[in-house]
Protein chains: 2
Amino acid sequence: MTLKELAQALGLSPTTVSRALNGFPEVSEETRKKVRAAAEAYGYRPNMRARSLATGRAMAIGHVIPIQSGHEMVNPVFADFIAGAGEVYSGAGYDMLISIVPDDRQQQAYEDFRTKGSVDGIIVHAPRLGDKRIQLINDVGIPFVVHGRASDSGEAYSWVDMNNFRAFERATKLLLDLGHTRIGLVNGLEDMDFAIRRRAGVEAALRAAGLKVNDACFFSGEMTEHYGHRAMTEMLALPEPPTAVLTSSMIPGIGIRRAIRESGREIGRDISVIIHDDDLSYLPNGREDPLFTATRSSVREAGRAAATMLLDIIATGDHDPRHVLLEADLILGRSTGPVRAMATT
Amino acid sequence: MTLKELAQALGLSPTTVSRALNGFPEVSEETRKKVRAAAEAYGYRPNMRARSLATGRAMAIGHVIPIQSGHEMVNPVFADFIAGAGEVYSGAGYDMLISIVPDDRQQQAYEDFRTKGSVDGIIVHAPRLGDKRIQLINDVGIPFVVHGRASDSGEAYSWVDMNNFRAFERATKLLLDLGHTRIGLVNGLEDMDFAIRRRAGVEAALRAAGLKVNDACFFSGEMTEHYGHRAMTEMLALPEPPTAVLTSSMIPGIGIRRAIRESGREIGRDISVIIHDDDLSYLPNGREDPLFTATRSSVREAGRAAATMLLDIIATGDHDPRHVLLEADLILGRSTGPVRAMATT
DNA sequence: CGCGTTTCCCAAAGCGGTTTGGATAACGAT
DNA sequence: ATCGTTATCCAAACCGCTTTGGGAAACGCG
């Protein structure tokens with residue numbers, strides 16, 4: 001059923017039908033009602049392609065998910081982020097276009113989005129150190145919002161981020177307050193922006209307490225269970241192993257827990273662990289009885305915030321950079337405790 | 001830069017330029033080269049909306065991800081599945097549209113996809129028992145492929161699925177061969193099709209061995225770590241706890257491992273555990289040294305298969321139902337071993 | 001040279017909407 | 001009764017591309 005057919009069936013012109021449905025004032029209330037009823041009855045829905053060709057608005061937002069060539073890893077927070085964003089889009093009548101591309105074809109993906117006219121705006125995921133994408137999209141000239149920040153990008157741009165620095169600084173302070181002085185960090189890949197900020201937060205807290213940073217206890221890698229296990233095992237083999245460990249996600253946290261248990265120690269008693277919890281729906285840390293002490297910030301909420309921001313930028317046409325910095329909650333679980341005198345083997 | 005402008009700049013008609021770029025034979029090689037060069041130089045890219053309005057093909061595939069109202073859980077395999085599908089799409093010049101909708105607005109989502117003309121085909125995720133979606137989309141009349149099957153849907157339709165029955169039957173047989181006779185199953189929600197088939201596989205193997213199914217050792221729930229932990233803890237409290245457990249995913253498997261350890265037992269020695277491993281990029285079970293003995297089947301591969309099938313259905317226009325049944329590998333890890341005489345507390 | 005084929009290119013008609021610029025009728029005021 | 005408004009509706013242009021149906025030149029052949 002097309003507009004024209006609907007118009008014909010009603011004995012009206014396409015113009016009038018279009019206006020009636022889109023709420024223009026040039027049409028009488030009476031006919032508007034008739035048109036609405038007929039549209040409903042015939043199940044008429046405007047063809048989006050035709051409409052957006054005519055209006056120039058695609059009514060769609062593009063998400064570009066980078067895949068790191070080599071590791072082939074999809075960011076695990078991705079599913080929840082777009083679930084949050086998706087809520088906002090569908091509420092506003094927008095579609096969500098997703099493009100999963102290897103690192104080296106990023107630029108292509110952004111340009112395609114714009115020149116092919118398939119989206120009105122873009123969400124950029126997982127910015128890295130030295131990320132050129134932001135400059136790229138700025139050049140392309142299409143509204144966008146970054147999930148996270150690219151520390152060293154000179155450009156001004158809009159972003160939604162979690163306060164990684166503060167979250168990890170606070171978590172470290174908690175450990176310091178519990179008496180821990182040998183603290184390890186099992187971080188994400190350190191060319192990712194969030195990992196850099198988290199490390200900085202830990203280091204700041206340590207320095208503030210007059211402690212020096214022990215490089216042997218700082219790890220950087222892709223956040224898998226095996227990685228957490230390996231890092232923890234290595235640390236436990238040190239002459240003076242850390243008594244507390246922070247890690248960037250629940251998944252390596254599980255590996256850390258396994259390594260601790262395998263060494264005959266007990267988590268929360270012999271060794272304290274704090275994870276960052278993205279509050280993923282399929283990997284809940286637990287509400288009333290959290291597995292891990294954690295800094296928690298819902299990545300789904302971040303998705304909602306980023307989508308809302310982007311739609312607003314598009315609607316208002318106001319491209320001044322905006323920022324939302326989400327603070328993480330510090331959740332006390334069973335994986336932390338005061339330092340024990342004889343934690344070493 | 002539009003086609004018309006490009007044509008003008010070249011001193012040619014839009015017709016010729018369009019044909020030159022789309023490889024029609026009615027244009028001389030010489031002009032084709034000139035046109036290509038100019039298009040390259042000006043950075044011309046056809047507007048997809050206009051093109052698909054003209055051709056009637058949207059060059060996009062829609063994925064409808066259901067969110068179970070109430071739990072708000074996004075299926076964790078989703079990210080890897082669409083990563084696989086995305087590869088295929090981008091290779092074929094297709095876009096991927098994602099719609100994340102609560103259960104009760106599914107129908108709307110499918111109809112919108114078609115009537116709004118935004119996609120040429122649909123991938124249906126996570127079919128359930130008594131799922132009405134398949135009939136729904138068949139009625140809507142748009143090519144689609146289901147990831148998984150809906151056991152009780154009378155309709156014929158195309159699907160890509162893993163052989164859940166056989167995978168769990170084989171895994172159960174492995175446990176039986178190891179001498180286990182008290183076997184538990186920590187399954188997914190049993191209104192999901194895959195969970196039903198897995199249970200059936202386990203039951204078939206048990207019956208074939210002349211064993212009866214113990215309902216106290218069969219669990220059904222949303223696959224979280226906590227769920228695995230709770231189920232295992234319950235089983236261990238039984239007068240005769242199982243000596244082996246199968247579970248539907250790595251995540252509850254981790255909870256199961258935790259419960260086993262908390263009870264002072266050792267996984268693989270006191271209690272054997274087999275998980276199903278979707279080979280998720282962010283939750284690897286390990287290649288050389290797998291954490292768990294597992295039935296493994298890459299969900300990313302399933303995504304590729306489903307996308308390939310759908311594109312082919314669209315290209316050939318041949319709507320005869322097709323099926324791909326992926327077999328799972330049985331991977332031996334360290335979580336299984338022969339039954340021990342005194343496994344009970 | 002005449003005539004039927006090719007070869008190469010173009011004008012114009014869509015695709016299904018929106019939007020501009022009237023046209024017609026009804027209305028109120030003079 | 002006349003004229004300017006206002007309220008409704010419509011014809012036609014347009015968005016940017018594809019595609020149909022020629023048309024003109026070049027070619028092949030008797």
Side-chain angles (χ1 to χ4, degrees), chain A residues 1-36 38-39 42-60 93-95 111-120, chain B residues 1-36 38-39 42-60 93-95 111-120:
Chain A
M1 166 69 61
T2 71
L3 218 201
K4 207 182 287 180
E5 289 165 2
L6 217 205
Q8 206 141 26
L10 277 160
L12 287 171
S13 79
T15 311
T16 307
V17 175
S18 169
R19 286 187 159 150
L21 292 175
N22 292 318
F24 283 78
E26 296 95 332
V27 56
S28 74
E29 267 319 307
E30 192 187 359
T31 40
R32 190 191 304 281
K33 267 192 194 113
K34 254 188 280 183
V35 172
R36 284 225 179 98
Y42 287 108
Y44 167 77
R45 314 216 115 224
N47 180 310
M48 278 312 284
R49 298 195 300 258
R51 170 183 286 195
S52 54
L53 181 58
T55 58
R57 295 179 311 147
M59 293 307 282
Y94 273 77
D95 284 332
E111 285 176 356
D112 282 4
F113 265 158
R114 199 194 63 82
T115 53
K116 297 199 313 188
S118 29
V119 302
D120 298 321
Chain B
M1 164 72 57
T2 71
L3 218 204
K4 206 183 288 180
E5 290 167 0
L6 217 206
Q8 205 141 28
L10 277 160
L12 288 171
S13 78
T15 311
T16 307
V17 175
S18 169
R19 288 188 158 150
L21 292 174
N22 292 318
F24 284 77
E26 295 95 333
V27 56
S28 74
E29 267 318 307
E30 195 188 358
T31 39
R32 191 191 302 281
K33 265 191 197 118
K34 255 188 281 185
V35 172
R36 284 226 179 98
Y42 288 108
Y44 166 77
R45 314 215 117 225
N47 180 311
M48 277 312 285
R49 297 195 302 258
R51 169 183 289 197
S52 54
L53 182 57
T55 58
R57 294 178 311 148
M59 294 305 283
Y94 273 77
D95 284 332
E111 285 176 357
D112 281 4
F113 264 158
R114 201 195 62 81
T115 53
K116 298 199 312 188
S118 29
V119 303
D120 298 320

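Below, chains carry the letters A, B, ... as their sequence lines are ordered, and counting in each starts from 1.
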* Could you check whether B:T31 gets within reach of a base, just the sugar-phosphate, or nothing at all, counting any heavy atom under 4.0 Å? => sugar-phosphate
* Rounded off to whole Å, could you give me the CD-to-P distance for the A:E26 and D:dA7 pair? => 11 Å
* Without hydrogens or angle criteria, can the side chains of A:S52 and A:T55 be said to hold a donor-acceptor pair below 3.5 Å? -> no
* Presence of B:T2 side-chain N/O under 4.0 Å of D:dG16 phosphate oxygens OP1/OP2 -> no
* Asked: Do B:T55 and D:dT19 have a side chain to base donor-acceptor pair shorter than 3.5 Å?
  -> no
* Asked: Could you state the CE-C1' distance from A:M48 to C:dT18, rounded to the nearest angstrom?
  -> 13 Å
* Structure fact -> Against the side chain of A:R51, the closest entry in C:dC15, C:dT18, C:dT20 is C:dT18
* Step through the shown structure and confirm whether more than 12 heavy atoms of other residues, nucleotides or ligands are within 6.0 Å of CD on A:Q8. => no
* Structure fact -> Taking D:dC17, D:dT8, C:dG17 as options, the one with an atom nearest any side-chain atom of B:P46 is D:dC17
* Give the rounded distance in Å between these two atoms: CZ of B:F24 and C1' of D:dT18. => 8 Å
* Roughly how far apart are B:Y44 OH and B:T2 OG1, rounded to 0.5 Å? -> 7.0 Å
* For atom CZ of A:R32, decide whether the heavy atoms of other residues, nucleotides or ligands shown that lie under 6.0 angstrom number more than 12. => yes
* Asked: When all nucleic acid strands are considered with a 4.0 Å heavy-atom cut-off, which category describes B:S28: base, sugar-phosphate, or nothing?
  -> sugar-phosphate
* Rounded to the nearest angstrom, tell me the gap between atom CG in B:N47 and atom C1' in D:dG16. => 6 Å
* Asked: Taking atom types as they are modelled, is there a donor-acceptor pair under 3.5 Å from the base of D:dT18 to the side chain of B:T15?
  -> no
* Given atom CZ of B:R49 and atom P of D:dC14, what is their separation to the nearest angstrom? -> 19 Å
